[in-house]
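For reference, the structure discussed in these notes is given below.
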Amino acid sequence: MPSTPCSPANHRCVDIHPARGSEDNDDLGSLRGWQSTDRATMLQQGGGVQATERRQKHHSRSFSRQISLESARMSREGRRSLPRSGKSLGGGAGVDGGLRKGDFSMFRTKSGLGVVATARKENESGPNNHAGEGGALHGARAEESRVSDSVPAGRYFAALRGPELDQVRDSEDILLPKDEVWPFLLRFPIGCFGICLGLGTQAILWGALASSSAMAFLHVSPAINLAIWLLALAAFVSVSVTYAFKCVFYFEAIRREYFHPVRVNFFFAPSIACMFLAIGAPPRMRPFFLHPAMWCVLIAPVILLELKIYGQWLSGGKRRLCKVANPSSHLSVVGNFVGAILAARVGWQEAGKFLWAVGLAHYLCVFVTLYQRLTTSEALPKELHPVYSMFIATPSAASIAWAAIYGEFDAVSRTFYFIALFLYCSLFVRINFFRGFKFSVAWWSYTFPMTTASLATIKYAEAVPTFFSKALALSLSLMSSTIVSLLLVSTLLHAFVWKSLFPNDLAIAITITKDRNGATKRSKAAKKSYDIKRWAMQSPLALVSSIRRGGSEQEELETN
């Protein structure tokens with residue numbers, strides 16, 4: 001700006017020539033020049049030392065405020081101009097921006113190493129790699145933890161809805177894009193093993209109808225048992241191989257399913273389905289499937305999972321039973337009774353008694369917890385669904401297991417059977433509760449309780465051979481077979497005709513935690529630290545800092 005004109009009265013003038021630069025620097029220079037000129041004038045007019053100090057403090061406060069305002073404005077401009085890499089994990093309107101289409105590497109096996117390596121590579125190729133490398137790597141590690149860290153059980157209840165907790169609430173954002181189809185393995189849930197459960201129990205049912213003395217009037221051919229068993233075996237092999245590929249390529253998605261309060265119970269399904277296949281094997285194959293070594297192999301995963309899950313229930317941690325209990329928790333108990341049946345078939349009655357006792361203790365805990373619905377526990381989904389048929393499976397399996405261990409359908413077996421029959425009737429009269437829901441592959445998991453109840457009824461008809469017991473066994477058997485047939489047809493139509501059997505599995509792509517404003521706390525903290533480091537290296541802030549340091553030095557010289 002032009003030099004300050006001198007008047008005869010003010011013969012002591014200070015000529016200020018600030019450096020020309022941006023518009024912001026001109027404003028700061030003008031403010032400095034005005035301050036210095038005004039101070040020199042006050043010294044010449046003899047205002048005194050006290051007046052000079054008061055004016056100096058006043059202008060210093062104004063100058064500091066001006067600098068803070070300029071810093072805030074430049075900070076906002078710098079934040080808006082920060083480049084985006086297009087690889088942020090947030091989907092939709094998330095904190096971290098949109099996700100690059102087709103980028104699903106965050107759920108791949110050992111994806112964290114790839115995220116950090118990618119961030120390091122981008123920083124090395126950027127112009128300010130020394131300034132942003134630390135912040136970018138910190139952000140990459142924070143984003144990695146958003147996927148790989150364990151998701152609290154309460155977070156699933158807060159972010160999801162529906163009977164299987166598979167529908168994202170409207171206020172939630174997910175880590176993967178919603179507007180495109182995900183890879184098939186990411187869309188393949190653990191609930192697909194429910195198909196194996198439904199078909200495996202049907203093989204057992206038709207084998208019982210062909211061999212039971214109470215149902216001999218039906219003249220059922222053993223060939224039906226062989227055909228359904230082969231179908232169940234083919235379904236189990238297909239589902240197992242597919243899910244094994246998912247474990248290899250998308251292990252982070254498997255971890256998300258394991259932390260899911262509903263799906264964690266379906267990790268018992270592969271072992272239970274294998275035990276169903278062993279129990280319902282045709283007569284020619286029974287010597288191989290009913291070998292004690294087979295029982296040891298199949299029961300080992302069940303015992304290991306129970307030690308983990310029952311330990312969490314017992315220890316009272318964040319995944320205690322009153323917080324995660326839902327009707328699918330019966331799956332973790334059914335495995336004990338099915339294992340007891342298989343142990344009795346291979347001749348190990350004592351092992352069967354042990355499993356039956358463990359199953360009974362935890363069945364009572366699950367049953368009472370679900371009935372009480374404590375106000376301090378997480379809210380269960382309001383919609384009633386076939387998931388509530390799980391209430392039938394456990395007492396029915398306990399009844400059959402006791403009869404298999406002790407060789408007769410005695411009072412204990414009948415007690416559990418009557419409990420299952422009452423629960424069956426209480427759900428059957430509420431048929432409206434099971435209508436109006438979209439078909440999903442998880443429905444298969446709720447067919448085997450009906451088949452198990454039919455098997456228990458056949459055992460009861462053998463112990464009490466009356467017209468009513470035989471008619472009840474026939475009715476329940478036909479009902480369960482009809483439902484399984486309808487589900488099989490619906491599954492084939494959705495898979496091969498409508499191609500809608502496996503939609504995007506949104507339940508595994510939720511963020512870990514959210515604050516009241518809907519922003520991810522972990523990502524927000526990482527982003528703040530990253531932006532501060534970026535802003536600190538910007539030249540406008542460096543210029544402001546140098547101006548403030550220069551101004552303080554000049555004031556000390558003038559005072560001296």
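Note that the coordinates shown come from a computational prediction; the quantities given were computed from them, not determined experimentally.
- Looking at Ile392 and Thr452, their side chains never come closer than 4.5 Å, going by heavy atoms from C-beta outward.
- A donor-acceptor distance shorter than 3.5 angstrom exists from the side chain of Asn225 to the backbone of Ala203, with no hydrogens or angles considered.
- Evaluation of the side-chain hydrogen bond (donor to acceptor under 3.5 Å, both in side chains) rule for Thr491 yields Trp444 as partners, not counting sequence neighbours.
- Under the 4.5 Å side-chain criterion, counting only non-hydrogen atoms from C-beta, Pro183 is not in contact with Phe249.
- For the pair Glu172 and Arg161, the salt-bridge criterion is not met [side-chain N within less than 4.0 Å of a carboxylate O].
- Shown here is Phe217, whose CZ atom has more than 12 heavy atoms of other residues, nucleotides or ligands within 6.0 Å.
- Between the side chains of Ser332 and Glu306, no donor N or O sits under 3.5 Å from an acceptor N or O.
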Practice item. Show your reasoning for whether side chain to side chain contact (heavy atoms under 4.5 Å, CB included) applies to Glu252 and Met106. Key: CA-CA 8 Å; Glu252 294 299 332; Met106 68 184 68; over 6 Å; no
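- To the nearest 0.5 Å, atom CG of residue Leu305 and atom OG of residue Ser271 are 7.5 Å apart.
- Note that the CG atom of Leu209 and the CD1 atom of Ile204 stand 12.0 Å from one another [nearest 0.5 Å].
- A distance of 5.5 Å separates CD1 in Ile341 from CD1 in Ile400, rounded to the nearest 0.5 Å.
- Across all their heavy atoms, Pro395 and Ala420 have their closest contact at CG-CB, 3.7 Å.
- Checking side-chain atoms of Trp182 against main-chain N and O of Pro177 turns up a donor-acceptor pair under 3.5 Å.
- Within a 6.0 Å radius of CZ in Phe245, no more than 12 heavy atoms belonging to other residues, nucleotides or ligands are found.
- Summarising the geometry, atom CZ belonging to Phe259 is positioned 13.5 Å from atom CD1 belonging to Ile508; distances are rounded to the nearest 0.5 Å.
- Annotation: side chain of Pro189 is not in contact with side chain of Phe266 (no heavy-atom distance under 4.5 Å).
- A salt bridge links Asp505 with Arg263; the closest basic N to acidic carboxylate O contact falls under 4.0 Å.
- Asn326 places a side-chain N or O within 3.5 Å of a backbone atom of Val324 that can act as its donor or acceptor partner.
- Checked against side-chain hydrogen bond (donor to acceptor under 3.5 Å, both in side chains), His330 has the following partners two or more places apart in sequence or in another chain: Thr394.
- Within the 4.5 Å cutoff, the side chain of His260 has no heavy atoms near those of the Val151 side chain.
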Point to revise | Step-by-step ring-ring contact (aromatic ring centres under 6.0 Å, His included) determination, Phe188 to Phe184 | key: CA-CA 6 Å; Phe188 193 82; Phe184 173 73; 5.7 Å; yes
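- A donor-acceptor pair under 3.5 Å is formed between the side chain of Arg155 and the backbone N or O of Ile512.
- The CG atom of Leu197 sits 12.5 Å away from the CZ atom of Phe268 when rounded to the nearest 0.5 Å.
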Donor-acceptor pairs are to be reported for all side-chain atoms of residues 457-465 against protein atoms at under 3.5 Å, with residues two or more places apart or in another chain.
| from | atom 1 | to | atom 2 | distance (Å) |
| --- | --- | --- | --- | --- |
| Thr457 | OG1 | Tyr417 | OH | 3.2 |
| Thr457 | OG1 | Ala453 | O | 2.8 |
| Glu462 | OE2 | Ser212 | OG | 2.6 |

N/O donor to acceptor pairs below 3.5 angstrom from side-chain atoms of residues 273-301, sequence neighbours left out:
| from | atom 1 | to | atom 2 | distance (Å) |
| --- | --- | --- | --- | --- |
| Arg286 | NE | Ala281 | O | 2.9 |
| His291 | ND1 | Ala293 | N | 3.0 |
| Trp295 | NE1 | Gly339 | O | 3.0 |

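- When all heavy atoms of Met390 and Ser445 are compared, the closest pair comes out as CE-O, 3.5 Å.
- In this structure, Thr242 OG1 and Phe502 CZ are separated by 8.0 Å, a value rounded to the nearest 0.5 Å.
- Taking 4.5 Å as the limit, every side-chain heavy atom of Ser329 sits out of range of all side-chain heavy atoms of Val262.
- Looking at heavy atoms from C-beta onward, Leu160 lies out of side-chain contact with Asp166 at the 4.5 angstrom threshold.
- Put simply, the side chain of Asn504 reaches to within 4.5 Å of the side chain of Arg187, judged on heavy atoms.
- Of all non-hydrogen atoms in Ala232 and Gly200, the two that sit nearest each other are CB-N, 3.9 Å.
- Side-chain atoms of Ser490 do not come within 3.5 Å of backbone N or O of Leu487 as any donor-acceptor pair.
- With contacts defined as side-chain heavy-atom distances shorter than 4.5 Å, the pair Tyr243/Ile254 qualifies.
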Exercise for review: Show your working on side chain to side chain contact (heavy atoms under 4.5 Å, CB included) between Trp229 and Leu199 and close with a plain yes or no.
Suggested key: CA-CA 8 Å; Trp229 188 85; Leu199 294 176; over 6 Å; no
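- The local environment of NZ in Lys178 is crowded, with over 12 non-hydrogen atoms from other residues, nucleotides or ligands closer than 6.0 Å.
- Across all non-hydrogen atoms, the minimal contact from Pro270 to Phe236 is O-CE1, 3.6 Å.
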Check your understanding: Passes side chain to side chain contact (heavy atoms under 4.5 Å, CB included), Glu180 versus Phe104? Steps please.
Key -> CA-CA 11 Å; Glu180 59 179 299; Phe104 301 94; 4.0 Å; yes
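- Between Phe391 and Phe367, the ring planes lie perpendicular to each other; the angle is over 60°, past the 30° to 60° tilted range.
- Minimum heavy-atom separation, Thr447 to Gly198: OG1-CA, 3.3 Å.
- In this structure, Trp313 and Tyr310 have tilted ring planes: the angle between them lies in the 30° to 60° band.
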Side-chain donor-acceptor distances from residues 403-410 under 3.5 Å, at least two apart:
| from | atom 1 | to | atom 2 | distance (Å) |
| --- | --- | --- | --- | --- |
| Asp410 | OD1 | Trp402 | NE1 | 2.9 |
| Asp410 | OD1 | Val412 | N | 3.4 |
| Asp410 | OD1 | Ser413 | N | 3.3 |
| Asp410 | OD2 | Trp402 | NE1 | 3.0 |

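- The two residues Thr369 and Ala325 have their closest heavy-atom pair at CG2-CB, 3.7 Å.
- Side-chain atoms of Gln202 never come within 3.5 Å of backbone atoms of Thr451 as a donor-acceptor pair (strictly under, hydrogens ignored).
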Practice item. Run the numbers on Leu175 and Arg256 for side chain to side chain contact (heavy atoms under 4.5 Å, CB included), then give the verdict. Key: CA-CA 12 Å; Leu175 298 173; Arg256 285 296 186 98; 3.6 Å; yes
Side-chain donor-acceptor distances from residues 342-358 under 3.5 Å, at least two apart:
| from | atom 1 | to | atom 2 | distance (Å) |
| --- | --- | --- | --- | --- |
| Glu350 | OE2 | Lys353 | NZ | 3.3 |
| Trp356 | NE1 | Ala398 | O | 3.1 |

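- Thr466 and Ser469 form a side-chain donor-acceptor contact under 3.5 Å, judged by distance and modelled atom types alone.
- A donor-acceptor pair is defined here as one N or O able to donate and one able to accept, closer than 3.5 Å; such a pair exists between the side chain of Ser480 and the backbone of Ser477.
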